[in-house]
Amino acid sequence: MKNAVLITGATSGLGLAYAKEYAKEGCNLIITGRREEKIKANAIDIEHTYHVEVKVVIVDLANQEGLIYLLDEIKDDEIEVLVNNAGFGLKSVFSETTREEMDRILFLQINAVVILTRYILEKMLVRNRGTVINISSDGAFAVMPRNVLYSSTKLFILNFTEGLYMELEKSDIKVQVVCPGFIDSDFHASAGMNIIKKKNGFMKFSPPEEIVRLAMNDMKKGKVVSAPVIDAKIVRLMVHLLPRKLFYKIAIDFTKKRNKKLHR
Ligand SMILES: NC(=O)c1ccc[n+]([C@@H]2O[C@H](COP(=O)([O-])OP(=O)(O)OC[C@H]3O[C@@H](n4cnc5c(N)ncnc54)[C@H](OP(=O)(O)O)[C@@H]3O)[C@@H](O)[C@H]2O)c1
């Protein structure tokens with residue numbers, strides 16, 4: 001496939017919003033996910049609406065076999081944009097996390113991002129053209145109790161992308177890391193988190209389309225780190241300014257209150 005945008009995790013939420021945004025611009029898509037029926041329906045809808053080609057790869061990227069399968073599926077494609085988006089959260093505290101959960105989250109949100117980026121970047125460098133967008137989280141700025149592993153993988157993605165930006169500074173390859181706050185998507189339900197989604201105010205759940213629009217605007221302005229909603233910007237600034245002990249106290253209190261409020 002020529003002029004392709006590869007988006008991991010485009011079954012729902014942010015990945016699907018990115019898929020529609022790039023299709024609107026006339027790009028062909030390669031989209032991945034595990035929920036076959038849902039992602040295939042997305043593909044048909046996008047093809048009909050935007051008249052672009054959409055290739056679907058049904059794959060679990062939280063393990064080595066899945067990733068190798070994807071690399072093989074894309075070996076002949078000319079990928080102009082890579083969006084490393086697939087991700088999931090865990091609801092347990094770290095000490096109760098199973099070995100399988102640990103392996104899966106670390107593989108998907110670290111190994112898969114690194115290996116896929118390295119594989120596609122090599123071809124982008126030959127053409128001296130391309131874009132890599134990595135989806136992190138405001139959790140990368142502020143680790144919270146009950147979110148330790150997830151936040152740590154997102155911090156890795158932030159660090160990895162900023163480093164990549166510096167290494168690629170002299171090339172025409174664009175690099176961006178997106179650190180949203182809460183998104184109204186399937187994310188929390190998939191993690192078994194039974195939550196009430198706030199629609200307004202601080203820490204509200206933003207529509208994925210809004211996050212994509214703001215992140216794309218940031219890209220046009222050349223922003224490497226996009227904290228696309230005001231909440232994420234505030235979190236980033238607060239964490240930077242606060243003495244660490246005060247931050248720990250606020251984070252612990254916030255988590256206690258949120259758990260009481262959000263979990264029915
Ligand atoms: N929701 C939030 O509040 C929030 C906040 C900050 C950052 N983010 C980040 O935004 C990104 C997108 O999340 P979202 O909010 O849009 O949630 P979502 O609707 O649950 O989308 C997650 C996507 O990742 C895919 N995925 C999950 N596990 C996978 C696996 N093992 N292998 C392959 N694909 C997998 C899912 O597809 P299948 O289920 O079909 O496999 C789905 O397409 C994630 O990286 C997340 O960490 C989310």
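Just so you know, ligand 1 is whichever comes first in the structure, and atom 1 is the first atom listed for that ligand.
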Between R146 and S92, a side-chain donor and acceptor under 3.5 Å: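 Side-chain D/A pair, R146 to S92: absent.
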Side-chain donor-acceptor pair present, T8, N84, cut-off under 3.5 Å: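 Judged by distance alone, the side chains do not pair up.
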Mind checking whether [X] has an N or O less than 3.5 Å away from an N or O of ligand 1?
X: S185; answer: yes
X: S190; answer: no
X: I135; answer: no
X: P180; answer: no
X: F182; answer: no
X: D138; answer: no

At a 4.0 Å cut-off, with the gap strictly under it, does some heavy atom of [X] reach an atom of ligand 1?
X: A112; value: no
X: N85; value: yes
X: F205; value: no
X: K38; value: no
X: L108; value: yes
X: G66; value: no
X: N84; value: no
X: Q109; value: no
X: P208; value: no

Can a donor-acceptor pair be found, under 3.5 Å and without considering hydrogens, that links the side chain of [X] to the backbone of [Y]?
X: E80; Y: V5; value: no
X: K55; Y: N28; value: no
X: N128; Y: D172; value: yes
X: K154; Y: S137; value: no
X: S151; Y: G139; value: yes
X: S171; Y: L168; value: yes

From CA spacing to verdict: side-chain contact (heavy atoms from CB on, under 4.5 Å), D218, V224: CA-CA 8 Å; D218 281 348; V224 181; over 6 Å; no
Centroid-centroid distance, F141 to H240, less than 6.0 Å: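 Distance test on ring centres: not under 6.0 Å, no.
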Residue part near ligand 1, for K154, under 4.0 Å between non-hydrogen atoms: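 The answer is the side chain of K154.
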Side chain, backbone, both or neither: the part of S136 lying under 4.0 Å from ligand 1 by heavy atom: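 For S136, the contact with ligand 1 is made by the backbone alone.
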Option with minimal heavy-atom separation from atom 46 (C) of ligand 1, where the choices are F107, Y150, F88: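 Among F107, Y150, F88, the closest heavy atom to atom 46 (C) of ligand 1 belongs to Y150.
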G87, G15, G33: member with heavy atom nearest to atom 22 (C) of ligand 1: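 Going through G87, G15, G33 one by one, G87 has the nearest heavy atom to atom 22 (C) of ligand 1.
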Heavy-atom neighbours of K123 NZ exceed 12 at 6.0 Å: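 Atom NZ in K123 is crowded, with more than 12 foreign heavy atoms closer than 6.0 Å.
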Starting from [atom], find the nearest protein heavy-atom neighbour and note its residue, name and distance.
atom: atom 37 (O) of ligand 1; answer: T11 OG1, 2.9 Å
atom: atom 41 (O) of ligand 1; answer: R34 NE, 2.6 Å
atom: atom 25 (C) of ligand 1; answer: G9 CA, 3.6 Å
atom: atom 5 (C) of ligand 1; answer: G181 O, 3.0 Å
atom: atom 32 (N) of ligand 1; answer: L61 N, 2.9 Å
atom: atom 3 (O) of ligand 1; answer: I183 N, 2.9 Å

Can you sort out which atoms of ligand 1 are near [X], meaning under 4.0 Å from one of its heavy atoms?
X: R104; result: 31 (N)
X: A62; result: 31 (N)
X: D60; result: 30 (C), 31 (N), 32 (N)
X: G13; result: 16 (O), 19 (O)
X: V59; result: 32 (N), 33 (C)

The single option from F187, F156, F88, F94 passing ring pair (Phe, Tyr, Trp, His ring centres under 6.0 Å) against Y150: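 Exactly one candidate clears the test, F187.
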Report yes if the side chains of [X] and [Y] come closer than 4.5 Å at any heavy-atom pair, otherwise no.
X: R213; Y: E209; value: no
X: M124; Y: V132; value: yes
X: M102; Y: T98; value: no

Pairwise distance CD1(I79) to CZ(R127) - rounded to 0.5 angstrom: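 If I round to the nearest 0.5 Å, the distance is 8.5 Å.
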NZ/NE/NH1/NH2 to OD/OE distance under 4.0 Å, D60 and R104: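 Here D60 pairs with R104 in a salt bridge, since their nearest N and O are under 4.0 Å apart.
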